[in-house]
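Okay, so here's the structure we're looking at.
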2 protein chains.
Amino acid sequence: MLIFPKEKLFQFAKSMLTAAGLSADDAATGAAVLIQSDLSGVDSHGLSRLPLYLSRIKANLVNVAAKVKIVSETATTLVVDCDNGMGIATMPGIMDLCLKKAKESGLAAATLRHSNHYGVGNYYALKSINEGMISIMTTNTTPCMAPTGGVDLLIGTNPITVAVPAARQKPIILDMATSNVAMGKLQAMFREKQKIPFGWAITKEGLPTDEPSEAVEGSLLPIAGYKGYGLAVMVDILSAVLAGASFGFDIGRLDRAKVPKPEGIGHFLLVIDPSRFLPLDEFKKRVDDYVLTMKESNKAKGVQEILLPGELELRKMEQRSQEGIPVTDALAALLLGLAKELKLAGPDDDFSSLINKAS
Amino acid sequence: MLIFPKEKLFQFAKSMLTAAGLSADDAATGAAVLIQSDLSGVDSHGLSRLPLYLSRIKANLVNVAAKVKIVSETATTLVVDCDNGMGIATMPGIMDLCLKKAKESGLAAATLRHSNHYGVGNYYALKSINEGMISIMTTNTTPCMAPTGGVDLLIGTNPITVAVPAARQKPIILDMATSNVAMGKLQAMFREKQKIPFGWAITKEGLPTDEPSEAVEGSLLPIAGYKGYGLAVMVDILSAVLAGASFGFDIGRLDRAKVPKPEGIGHFLLVIDPSRFLPLDEFKKRVDDYVLTMKESNKAKGVQEILLPGELELRKMEQRSQEGIPVTDALAALLLGLAKELKLAGPDDDFSSLINKAS
């Protein structure tokens, strides 16, 4: 395990994305989203995603020279065609446009189509929190779940992110998949030949299983049965059906694809200016009161602390901002290999020397 | 079990609310929400709620002469003080105002404070669907859940409703509590001395239990653990913290209240005009495609049909519109007693004669 300052890893990620063909601006934007994920402890969506992103760029499935197009626009709404660019390079700018619109109009919403994986939700959440705004983001993803009662993979992990600013307390950031578990976790337990809990997945016939080998051939299960399925459906409706993006069988799968094609997924973004409802200071103070009501309430036996959504990630962010971000040896080896392919590292470089010269 | 046409039960509910002191308009509005609940099979939120509503009116905890006040208003936003009126009498009119604003501005949102239970979510969902709009509604409720790790009842069942219009297919209506089970169901199993499944509730010490006697003294559990808690928190933020309504210990509880006081809960309402994102016909056609993609996909062993959110309720609505709405003997006896108290029924009336003379 190696540990590096966030700035160094940001520069490294930016160099990699630039070498892969992105403009300097897009590379910087995308790298910032990636590093925010590692910084806040969401290791699955940070640098560890770079190999997959780069392999899709290499296979010409993602447009590194995407020209994002505003298809239509009103004072409150924005319809965006991402031109098959990287979601992590496109979404931050659209959030900025929505924040501006919401300041002027009270509310703003954007749909994005022809996009790709947009990375960690809390990056966008923090952007809106910094402007004193509430935001709600949804995205569809590569299908890995069947509808309740079905067996075909038609629905993704379809995460929902909600961001709420506070005054002196930490902001509240809910950032959750509507599946019980990530496909990556299932695959890891498959490789390690571990049993999985019943309720995580079903076989390809739709039967309950605790066998990861059957689960990876089958379907993940949504949280809370038909309720999670319902939430995932609504994420699809906003992010894909309303956005004019792909859904169901039409999505270019990141895995198990017979014919590789662009992902074509979509995103939905809503910003609410709380100051249209209460004076901003009063609203933020009320959020503080809410947070303290929860945190100072009586705890169950054996529980040390009551947490609010996103609190652990924000704490991790503070810690890793000071102490640096850990990179596993396996990931370092993988990234070093890719850096060599992209001519960013020489044959004698190791990962540490590579990172330390990034700037 | 007796069965009556919806029109008759609507007239009965309207008469009861009028006799309890509501204006003719408010009584008609509230009765329409109640009967929609029974019509769509959500029996827990229909006529069966009338005894609780009337008991709170009788105890002067709800203002039957409420003057709803628009606290502030912009082209996209609306802040409403409900003057402690019935939620079922107030919310429909605010939905109408939001639908109008969304038509003009693309998006509209309202917060409502000093309110009471607003009944079944699908009433409001259908209102927005009839106007070709997407809507999202949330409300906080009497606390019955502790935050994850806690034992104090601070969070309600906090339901979320999302409504999506379709073209030829049925609309999609997600209407779900963020708790695993309703308190009413738990209390029924307590009375019947049945064990409850682990995962529904915890004891007042915060320990898992399958004993309903311990559960009713303890706390319900949210769906999907900390994810459901996170969703319930966000419902509280929008419906109460942003709305300027009560939350946590400040809510006037419908049950277990040491000092009876007005509920003081709040609601949040968002309307999105899909025609700002895609031509309305195209959007609705895409919703149809989505619905058919799900329904026509391969089924798990033993499954006859794949359902979309709200489909069962809409089917029940069609059935009960034609065949009538069933009323259990126990509920009929209860309502007859209340009607006698309100001088709507004479000593010789039975429930059937009472309903049949309602008009």
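In what follows, chains are A, B, ... by sequence order, proteins preceding strands, each numbered from 1.
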With 3.5 Å as the limit, can you list every donor-acceptor pair between chain B and chain A, backbone and side chains included?
from: B:T76; atom 1: OG1; to: A:S105; atom 2: O; distance (Å): 2.6
from: B:S105; atom 1: O; to: A:T76; atom 2: OG1; distance (Å): 2.6
from: B:G149; atom 1: O; to: A:A300; atom 2: N; distance (Å): 2.8
from: B:V151; atom 1: N; to: A:N298; atom 2: O; distance (Å): 3.0
from: B:D152; atom 1: OD1; to: A:N298; atom 2: ND2; distance (Å): 3.3
from: B:D152; atom 1: OD2; to: A:N298; atom 2: N; distance (Å): 2.8
from: B:D152; atom 1: OD2; to: A:N298; atom 2: ND2; distance (Å): 3.2
from: B:A177; atom 1: O; to: A:K227; atom 2: NZ; distance (Å): 3.0
from: B:S179; atom 1: O; to: A:K227; atom 2: NZ; distance (Å): 2.9
from: B:E205; atom 1: O; to: A:K301; atom 2: N; distance (Å): 3.2
from: B:K227; atom 1: NZ; to: A:A177; atom 2: O; distance (Å): 3.0
from: B:K227; atom 1: NZ; to: A:S179; atom 2: O; distance (Å): 2.9
from: B:Y229; atom 1: OH; to: A:L307; atom 2: O; distance (Å): 2.7
from: B:D236; atom 1: OD2; to: A:Y290; atom 2: OH; distance (Å): 2.5
from: B:A240; atom 1: O; to: A:R286; atom 2: NH2; distance (Å): 2.9
from: B:V241; atom 1: O; to: A:R286; atom 2: NE; distance (Å): 2.8
from: B:A245; atom 1: O; to: A:R286; atom 2: NH2; distance (Å): 2.7
from: B:R286; atom 1: NE; to: A:V241; atom 2: O; distance (Å): 2.8
from: B:R286; atom 1: NH2; to: A:A240; atom 2: O; distance (Å): 2.9
from: B:R286; atom 1: NH2; to: A:A245; atom 2: O; distance (Å): 2.7
from: B:Y290; atom 1: OH; to: A:D236; atom 2: OD2; distance (Å): 2.5
from: B:N298; atom 1: N; to: A:D152; atom 2: OD2; distance (Å): 2.8
from: B:N298; atom 1: O; to: A:V151; atom 2: N; distance (Å): 2.9
from: B:N298; atom 1: ND2; to: A:D152; atom 2: OD1; distance (Å): 3.3
from: B:N298; atom 1: ND2; to: A:D152; atom 2: OD2; distance (Å): 3.1
from: B:A300; atom 1: N; to: A:G149; atom 2: O; distance (Å): 2.8
from: B:K301; atom 1: N; to: A:E205; atom 2: O; distance (Å): 3.2
from: B:L307; atom 1: O; to: A:Y229; atom 2: OH; distance (Å): 2.7

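- Pairing each heavy atom of A:P309 with each of B:G230, the nearest pair is CG-CA, 3.7 Å.
- Closest approach of A:L278 to B:V241, counting heavy atoms only: CD1-O, 3.5 Å.
- When side chains are defined from C-beta on, B:V162 does not count as touching A:I237, because their heavy atoms never get closer than 4.5 Å.
- Interface check for chain B: of the options A:V164, A:L207, A:I136, the most heavy-atom pairs under 4.5 Å are formed by A:V164.
- A:A300 and B:V151 get closest at one heavy-atom pair: CA-CG1, 3.6 Å.
- A 4.5 Å side-chain heavy-atom check between B:I172 and A:V233 finds at least one atom pair inside the cut-off.
- Of the residues considered (B:I202, B:V287, B:L231), B:L231 shows the highest number of contacts with chain A, using heavy-atom pairs under 4.5 Å.
- Residue with the most contacts toward chain B among A:I223, A:L307, A:L174: A:L174 (heavy-atom pairs, distance under 4.5 Å).
- The most heavy-atom pairs under 4.5 Å with chain B, out of A:A110, A:A177, A:G248, come from A:A177.
- Interface summary for chain B: among A:V303, A:I272, A:L242, the most heavy-atom pairs under 4.5 angstrom belong to A:L242.
- Among B:G206, B:A224, B:G150, the residue making the largest number of heavy-atom pairs under 4.5 Å with chain A is B:G150.
- Both the backbone and the side chain of B:L308 come within less than 4.5 Å of a heavy atom of chain A.
- Interface residue B:M294: backbone and side-chain heavy atoms are both found under 4.5 Å from chain A.
- Scanning for side-chain contact (heavy atoms from CB on, under 4.5 Å) contacts around B:A109 gives A:L107, A:F277, B:F268, B:L270, with sequence neighbours left out.
- Closest of all the heavy-atom pairs between B:I306 and A:P147 is CG2-CB, 3.9 Å.
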